[in-house]
Engineer: 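One structure coming up, written as structure tokens, with questions to follow.
Each ligand, and each atom within it, is numbered from 1 in the order the structure gives. Keep in mind it's a predicted model, so treat the numbers as computed, not measured.
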Amino acid sequence: MTGTSETLRGDVLVRARDLQVHFPVRAGGLRRKRVGAVRAVDGVDLEVRRGETLGLVGESGCGKSTLGNALLRLVEPTGGTVEFDGTDVTALGKRDLRALRRRAVMVFQDPYASLDPRTTVGQTVAEPLEVHGLHPGRQARAARVAELLELVGMDPSVASRYPHEFSGGQRQRVGIARALAGEPDFVVCDEAIASLDVSVQAQVLNLLRRLQRQLGLTYLFVSHDLSAVRHVSDRIAVMYLGRVVEVGTAEQVSGDPQHPYTRALLSAVPVPDPVRERRRERIVLAGDVPSASKVPSGCRFRTRCPHAFEPCPDVDPALQEVRGGQAAACHLHGVVGVGDRADAVR
Ligand code: SF4
């Protein structure tokens with residue numbers, strides 16, 4: 001959420017290579033046999049650079065939340081690797097995993113569901129301190145809880161109150177205070193503003209932005225809402241059916257998208273200027289997103305792509321650089337020698 005060119009040059013904090021999360025599909029009676037797999041994340045290569053906000057966008061069910069969870073090893077990858085600050089987290093044992101849980105955390109979508117209604121705000125925020133053995137002793141812990149509540153713009157006196165006494169925005173602040181308790185480097189914000197009113201969304205985004213500047217945080221901002229993502233992100237990765245199909249700076253991806261799916265997503269975002277809004281051309285995709293247990297052959301977007309051509313059903317396009325820092329997984333960009341078509345479809 002800093003948007004600085006310095007951030008864009010930063011080194012890599014989190015790197016996924018050919019990351020896969022496949023969930024088995026079983027059928028039959030008592031001895032339920034594996035009959036297939038839901039390929040929620042299906043060969044993702046992704047880098048999150050230190051200090052940046054990487055927006056991860058795609059329709060619901062495209063695998064973006066599973067990817068966020070897999071980067072933190074909150075779900076177990078079934079293939080590939082995730083490096084956090086140079087260490088392969090897929091190979092970590094219990095103790096090292098606990099250290100990772102301190103440095104890499106999640107802010108959840110639903111502040112109503114993620115807070116225990118029987119636990120006070122103070123106990124909620126103190127929980128990670130206890131788990132990680134930080135600020136031992138009641139007084140030291142209470143002082144740290146007060147500090148964290150102030151950090152997210154809440155009065156420390158709310159520590160003795162319960163979640164139901166607060167609005168959605170305030171509960172999300174409590175969730176953020178808890179996430180920051182262990183002084184993390186990396187925060188996955190999983191649809192963190194989706195369940196809030198629009199006016200509250202802006203406040204929470206401003207808070208996240210301030211915290212990033214103040215604490216030097218790195219964010220993966222997961223959302224189905226491309227207009228929110230492009231306003232908060234330094235770079236954007238677009239996901240379709242378990243795979244990243246485009247990545248680049250926020251300006252590149254939202255100003256000159258290189259993948260037909262990104263173009264379709266952008267064409268659905270309303271424009272504030274009424275004249276431009278009237279002229280906005282909508283790209284309506286054919287059909288629904290295929291099931292992640294029946295991923296189409298070749299390019300997985302081909303069943304809905306208005307530009308599909310000969311190689312698309314047979315050859316799976318790799319994510320390849322189109323121009324400085326922007327990459328797309330599409331044959332229109334010359335994998336099979338048809339580069340000229342990319343300009344023809346704009
Ligand atoms: Fe469309 Fe083919 Fe490009 Fe896939 S590879 S996005 S089907 S043109």
Engineer: Show every salt bridge (charged side-chain N to carboxylate O under 4.0 Å, His left out) that has at least one partner inside residues 318-329, sequence neighbours left out.
Structural biologist: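 Every pair satisfying salt bridge (charged side-chain N to carboxylate O under 4.0 Å, His left out) with a residue in residues 318-329: Asp256-Arg323.
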Engineer: Relative to atom 3 (Fe) of ligand 1, how many protein N, O or S atoms have a separation of less than 2.8 Å?
Structural biologist: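 With waters ignored, the protein N/O/S count below 2.8 Å is 1.
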Engineer: Not counting sequence neighbours, which residues clear side-chain contact (heavy atoms from CB on, under 4.5 Å) with Pro296? List them please.
Structural biologist: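 Once residues adjacent in sequence are excluded, the partners of Pro296 under the side-chain contact (heavy atoms from CB on, under 4.5 Å) criterion are Leu241, Pro290, Arg300, Arg302, Thr303.
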Engineer: Is the backbone of Ala192 close enough, under 3.5 Å, to the side chain of Gln172 for a donor and an acceptor to pair up by distance?
Structural biologist: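 Side chain of Gln172 to backbone of Ala192, a donor-acceptor pair under 3.5 Å: yes, one is there.
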Engineer: What pairs with Ser167 under side-chain contact (heavy atoms from CB on, under 4.5 Å), at least two apart in sequence or on another chain?
Structural biologist: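 Only Gln170 meet the side-chain contact (heavy atoms from CB on, under 4.5 Å) criterion with Ser167.
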Engineer: Can you spot which of Lys64, Glu59, Glu191 makes a side chain to side chain donor-acceptor pair (under 3.5 Å) with His224?
Structural biologist: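 For His224, the side chain to side chain donor-acceptor pair (under 3.5 Å) test succeeds with only one of Lys64, Glu59, Glu191, which is Glu191.
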Engineer: For Arg34, does the CZ atom sit with more than 12 other heavy atoms under 6.0 Å from it, leaving out its own atoms?
Structural biologist: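 More than 12 heavy atoms, drawn from other residues, nucleotides or ligands, come within 6.0 Å of this atom.
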